[in-house]
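Here the structure is laid out as structure tokens; the discussion comes afterwards.
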Amino acid sequence: MAGPGRQEQAGEAGSPPLPSPCVRAAAGCRPVLSDVSPLPAADLLQTEPLEAPTVTPELAAGRGGSSAAAAFHCPQGPAGRAPGCRSVSVVFPGPVTQQGCCHFACELLKHVLYQRHQLPLPYEQLAYFCRRALPRQPQDGDAIKKKPHPPDLGSSRKCQQLLMELEGVFRHLEAMFNLTLVPRVLILVGGNSMSPKELYEINLEGISVGNAEESLQTPSCVRKLFHSLFLADVFSELQAVPVMGTIVMVQGHRDCGIDWFRPKLNYKVPTRGRKLTVNLSCGGNSSTNSSSQQGVTSVWDNYIWFQAPVTVKGFHE
């Protein structure tokens, strides 16, 4: 597993490309201070200036300080919320595209898998090593045969299988978002779909969907999302967990025509176990689809849950 001593060398020749800040930084047990730089004035953060927190060895190792709120813990037990729940709300100052919503879900899935120790490296780094480990076609002039390298992380059969499954999930999530509005996405870690050990809900009901010309830039929205997760410190207090399976559930229109996801007509969102809800919405002067949004909320009864037919099995080094 990646630890505090594993620091990426950005300028080192031949090193793998660093993952985007939305994957590595901002919200997890292993933040990188260079990724938590103040956003430019033209960017999306329209809040008061915030001082970047000091990254201590304890924080880098996944152990938050005493002032950090315990992730997934509600000590007061507020009404309507079971103990072990946390929520983070992110308001974008304008509409976003449907493709952007899909990107949010995919990036959060990658991040959860890494922070909950189901991936030994961030997804982009793991994919890089996997591609590098694939056998290279011999080229003309390759007269000198090099000694084969010992098996490494990227050549692991489990790694190859995991990445293949994740790529399939991402591809079919994109198809789902192209076919229907998706009000909610669930990432269920451990257990089964009815009783997971940990539940991560992405609530998109408050999103205003616009076209590419009038919508916010997706990378800026991703930075704002993970910046908010970083400030909420939602992962630092969680203990390491063994390798578990991860299930993805998507809510969509019952007649959307998706083939890959399996409809679950009577599925109810579990109420037990640790839960993190990420509420995404659009504010500001956005009026895109405002009338249609009101119409959509009146027909949510036509939306059902769909389950991915694969359980993504994590692995350790």
Taking all heavy atoms of [X] and all of [Y], pick out the closest pair and write down the distance.
{"X": "Ser208", "Y": "Cys282", "answer": "N-SG, 3.3 Å"}
{"X": "Tyr114", "Y": "Leu119", "answer": "CD1-O, 3.6 Å"}
{"X": "Cys130", "Y": "Gln160", "answer": "SG-OE1, 3.0 Å"}
{"X": "Gly257", "Y": "Leu179", "answer": "C-CD1, 4.3 Å"}
{"X": "Glu214", "Y": "Gly210", "answer": "OE2-CA, 3.9 Å"}
{"X": "Val169", "Y": "Val248", "answer": "CG1-CG2, 4.2 Å"}

What I'd like to find out is whether the side chain of [X] reaches to under 4.5 Å of the side chain of [Y], using heavy atoms alone.
{"X": "Val96", "Y": "Thr218", "result": "no"}
{"X": "Phe104", "Y": "Leu109", "result": "no"}
{"X": "Lys197", "Y": "Leu188", "result": "no"}
{"X": "Val182", "Y": "Met176", "result": "yes"}
{"X": "Glu198", "Y": "Val112", "result": "no"}
{"X": "Val88", "Y": "Val234", "result": "yes"}
{"X": "Arg272", "Y": "Ser195", "result": "no"}
{"X": "Tyr267", "Y": "Leu186", "result": "yes"}

Worked check of side chain to side chain contact (heavy atoms under 4.5 Å, CB included) between Val90 and Asn279: CA-CA 6 Å; Val90 183; Asn279 298 301; over 6 Å; no

**OP:** Check the angle between the aromatic planes of His253 and Tyr303 and answer parallel, tilted or perpendicular using the 30° and 60° thresholds.
**Re:** perpendicular

Taking the side chain from Glu174 and the backbone from His172, do they hold a donor-acceptor pair closer than 3.5 Å?
no

Tell me if a side-chain donor or acceptor on Gln118 pairs with a main-chain N or O of Pro242 at a distance below 3.5 Å. yes

Stepwise ring pair (Phe, Tyr, Trp, His ring centres under 6.0 Å) test for His111 and Tyr123
CA-CA 8 Å; His111 190 69; Tyr123 174 82; over 10 Å; no

Rounded to the nearest 0.5 Å, how far does [atom2] of [Y] lie from [atom1] of [X]?
{"X": "Leu199", "Y": "Ser193", "atom1": "CG", "atom2": "OG", "result": "10.5 Å"}
{"X": "Leu126", "Y": "Leu121", "atom1": "CG", "atom2": "CG", "result": "5.5 Å"}
{"X": "Phe92", "Y": "Gln217", "atom1": "CZ", "atom2": "CD", "result": "13.0 Å"}
{"X": "Cys101", "Y": "His103", "atom1": "SG", "atom2": "NE2", "result": "11.5 Å"}
{"X": "Arg86", "Y": "Tyr200", "atom1": "CZ", "atom2": "OH", "result": "11.5 Å"}
{"X": "Lys264", "Y": "Gln251", "atom1": "NZ", "atom2": "CD", "result": "15.0 Å"}

Please test Phe306 against Arg262 for side chain to side chain contact (heavy atoms under 4.5 Å, CB included), starting from the C-alpha separation and ending with a verdict. CA-CA 5 Å; Phe306 294 84; Arg262 298 171 181 171; over 6 Å; no

- Consider only side-chain heavy atoms of I, L, V, M, F, W and Y, link residues closer than 4.5 Å, and tell whether Ile187 and Val243 are in one cluster. no

- Treating Ile, Leu, Val, Met, Phe, Trp and Tyr as nodes and any side-chain heavy-atom pair under 4.5 angstrom as an edge, say whether Leu162 and Met164 lie in one connected cluster. no

For this session: For the pair Val269 and Arg184, evaluate side chain to side chain contact (heavy atoms under 4.5 Å, CB included) and give the outcome as yes or no after the intermediate values.
Result: CA-CA 11 Å; Val269 177; Arg184 290 192 292 173; 4.1 Å; yes

_Do the side chains of Lys110 and Glu107 get close enough for a salt bridge, i.e. N-O under 4.0 angstrom?_
yes

Fill in: Working for side chain to side chain contact (heavy atoms under 4.5 Å, CB included), residues Leu280 and Val91
CA-CA 6 Å; Leu280 304 181; Val91 181; over 6 Å; no

_Is it true that Ser236 and Asp233 share a donor-acceptor pair across their side chains at a distance under 3.5 Å?_
yes

